[in-house]
Amino acid sequence: TWRPPIGIQGPTSLPIRSGPAQLERVLSRLSQSQADGRGDIPHCLHHYAERLRKRSLVILISDGFCDLNEFFEAMRHLRHGHHDICFFQLLDPEELEFPFSSGLRFVDLETRHDSTCYAPKVQKAYLNRLTTFLDTLQRSCHEMGIDHRLCDTSHSLEKILRQFLEEHPHMGTQRRS
């Protein structure tokens with residue numbers, strides 16, 4: 001049964017199916033869901049690694065901002081079950097480019113913690129740290145056999161998922177062992 005991720009409020013389940021209609025059902029459920037601010041990616045991944053009994057396609061859609069050691073420990077837990085994993089790392093174009101030129105106030109959507117800064121003073125350090133973070137994620141995912149795709153929010157999630165399924169038509173069909 002498909003279940004929404006931990007930290008998401010919304011419809012609770014869908015039966016497992018293959019084919020184009022299932023994508024429509026999943027997208028519909030996701031559009032009805034709301035983040036509740038309690039996202040814990042590693043916990044969510046461990047949760048599903050314990051519950052998925054058959055080899056499955058696991059699609060993770062997240063910004064990936066979490067402790068990377070815990071994240072990759074949870075990914076290894078999923079890979080141990082021989083699951084195929086595709087990680088769509090979804091970031092806002094402004095997170096990727098940091099095009100700001102004045103004072104900014106940032107509010108963490110999960111914790112509501114806020115901070116201020118003067119953008120030109122932190123831009124170079126921010127972009128360097130982001131590049132290091134993204135390179136680490138990409139390299140480690142590749143080493144673990146995880147399909148990692150950096151996506152930005154200017155593209156619709158539906159288009160991103162459809163493109164993935166068109167590139168991997170075997171992912172939409174049940175495997176026989």
Side-chain angles (χ1 to χ4, degrees), residues 2-10 26-27 29-52 57-80 83-161 163-164:
W2 177 87
R3 301 210 183 273
I6 295 170
I8 299 291
Q9 299 296 321
V26 170
L27 290 170
R29 292 291 173 99
L30 284 172
S31 71
Q32 297 169 30
S33 302
Q34 296 249 340
D36 70 4
R38 297 179 295 128
D40 182 344
I41 300 165
H43 175 76
C44 182
L45 295 174
H46 281 299
H47 173 85
Y48 286 107
E50 292 294 327
R51 284 156 184 77
L52 293 172
L57 168 63
V58 176
I59 296 178
L60 173 63
I61 303 166
S62 171
D63 59 15
F65 293 135
C66 63
D67 180 281
L68 289 184
N69 291 327
E70 292 177 12
F71 177 77
F72 287 116
E73 180 183 321
M75 287 292 212
R76 278 189 288 280
H77 190 185
L78 274 169
R79 292 293 294 148
H80 180 74
H83 302 294
D84 293 320
I85 304 170
C86 186
F87 172 30
F88 292 95
Q89 187 175 16
L90 195 59
L91 298 175
D92 188 279
E94 290 180 341
E95 290 176 296
L96 294 167
E97 299 162 11
F98 205 79
F100 310 108
S101 60
S102 62
L104 297 170
R105 178 175 173 247
F106 292 98
V107 178
D108 185 311
L109 297 176
E110 293 179 5
T111 65
R112 297 294 180 211
H113 174 76
D114 71 334
S115 60
T116 58
C117 72
Y118 183 63
K121 286 193 173 200
V122 300
Q123 182 182 41
K124 184 175 180 179
Y126 169 85
L127 291 172
N128 285 340
R129 287 186 70 184
L130 179 66
T131 298
T132 299
F133 179 79
L134 295 175
D135 288 348
T136 299
L137 270 172
Q138 179 67 38
R139 183 183 63 254
S140 297
C141 283
H142 177 75
E143 289 170 359
M144 294 176 67
I146 295 166
D147 188 350
H148 171 264
R149 295 171 183 236
L150 181 60
C151 308
D152 74 61
T153 57
S154 66
H155 303 285
S156 79
L157 185 55
E158 179 179 353
K159 181 179 178 182
I160 292 167
L161 290 174
Q163 180 180 356
F164 169 74

Notebook entry, point to check: In Å and rounded to the nearest 0.5 Å, what is the NE2 to NE2 distance from His47 to His77?
Noted result: 11.5 Å

Item checked: Residues Arg112, Asp114; criterion salt bridge (charged side-chain N to carboxylate O under 4.0 Å, His left out); working and verdict -> CA-CA 6 Å; Arg112 297 294 180 211; Asp114 71 334; over 6 Å; no

Checklist line | Euclidean distance, Asp63 CG relative to Leu91 CG, rounded to 0.5 Å | finding: 6.0 Å

Check: Is there a donor-acceptor pair closer than 3.5 Å between any side-chain N or O of Arg79 and the backbone N or O of Met144?
Finding: yes

Margin query: Does Leu137 form a side chain to side chain contact (heavy atoms under 4.5 Å, CB included) with Leu150? I'd like the steps, not just the answer.
Written below: CA-CA 10 Å; Leu137 270 172; Leu150 181 60; over 6 Å; no

Checklist line | Minimum side-chain heavy-atom gap His83-Leu52 below 4.5 Å | finding: yes

Notebook entry, point to check: Looking at side-chain heavy atoms only, is the closest gap between Phe98 and Leu104 below 4.5 Å?
Noted result: yes

Margin query: Rounded to the nearest 0.5 Å, what separates atom CZ in Phe72 from atom CG in Leu78?
Written below: 12.5 Å

Checklist line | Non-hydrogen side-chain atoms of Asp147 and Asp84 separated by less than 4.5 Å | finding: no

Checklist line | Heavy-atom closest contact (Tyr118 atom, Gly103 atom, distance) | finding: CD1-N, 3.8 Å

Next item on the list: Give a yes or no answer on whether the side chain of Tyr126 reaches the backbone of Glu95 with a donor-acceptor pair at less than 3.5 Å.
Entry: yes

Notebook entry, point to check: When you look at Ile61 and Leu157, which way does the side chain to side chain contact (heavy atoms under 4.5 Å, CB included) test go after all the steps?
Noted result: CA-CA 9 Å; Ile61 303 166; Leu157 185 55; 3.8 Å; yes

Margin query: With rounding to the nearest 0.5 angstrom, report the CE to NE2 distance, Met75 to His46.
Written below: 11.0 Å

Notebook entry, point to check: Taking C-beta and beyond as the side chain, do His148 and His142 meet within less than 4.5 Å on heavy atoms?
Noted result: no

Checklist line | Whether Phe88 and Phe164 hold their rings parallel, tilted or perpendicular, with breakpoints at 30° and 60° | finding: perpendicular

Notebook entry, point to check: Which atom pair, heavy atoms only, marks the closest approach of Cys66 to Ile41?
Noted result: SG-CD1, 4.1 Å

Item checked: Partner set under salt bridge (charged side-chain N to carboxylate O under 4.0 Å, His left out) for Glu94, not counting sequence neighbours -> none

Item checked: Minimum-distance pair of heavy atoms, taken over all atoms of Pro42 and Ala74 -> O-CB, 3.6 Å

Margin query: Keeping Gln123 on the side-chain end and Phe100 on the backbone end, is there a donor-acceptor pair under 3.5 Å?
Written below: no

Notebook entry, point to check: Which heavy atom of Gly64 sits nearest a heavy atom of Phe87, and at what distance?
Noted result: CA-CZ, 3.8 Å

Check: If you round to the nearest 0.5 Å, how far is SG of Cys151 from CD of Gln163?
Finding: 8.5 Å

Notebook entry, point to check: Would you call Leu90 and Asp152 a side-chain contact if the rule is heavy atoms closer than 4.5 Å?
Noted result: no

Item checked: Donor on one side chain, acceptor on other, Glu70 and His43, under 3.5 Å -> no

Next item on the list: Check the pair Phe71 / Leu45 against side chain to side chain contact (heavy atoms under 4.5 Å, CB included), numbers first and verdict last.
Entry: CA-CA 8 Å; Phe71 177 77; Leu45 295 174; 4.1 Å; yes

Item checked: Arg76 (side chain) donor-acceptor with His80 (main chain) under 3.5 angstrom -> no

Next item on the list: Go through Gln89 and Leu60 one step at a time and tell me if the side chain to side chain contact (heavy atoms under 4.5 Å, CB included) criterion holds.
Entry: CA-CA 8 Å; Gln89 187 175 16; Leu60 173 63; over 6 Å; no

Next item on the list: For residues Ser115 and Arg105, determine if any side-chain heavy atom of one lies less than 4.5 Å from a side-chain heavy atom of the other.
Entry: no

Next item on the list: Could you check if a side-chain atom of Thr136 sits within less than 4.5 angstrom of a side-chain atom of Leu68, using non-hydrogen atoms only?
Entry: yes

Margin query: Do Thr132 and Leu134 have side chains that approach each other closer than 4.5 Å (heavy atoms only, starting at C-beta)?
Written below: no

Next item on the list: Give, for atom CD of Glu73 and atom CG of Asp67, the distance between the pair rounded to the nearest 0.5 Å.
Entry: 9.5 Å

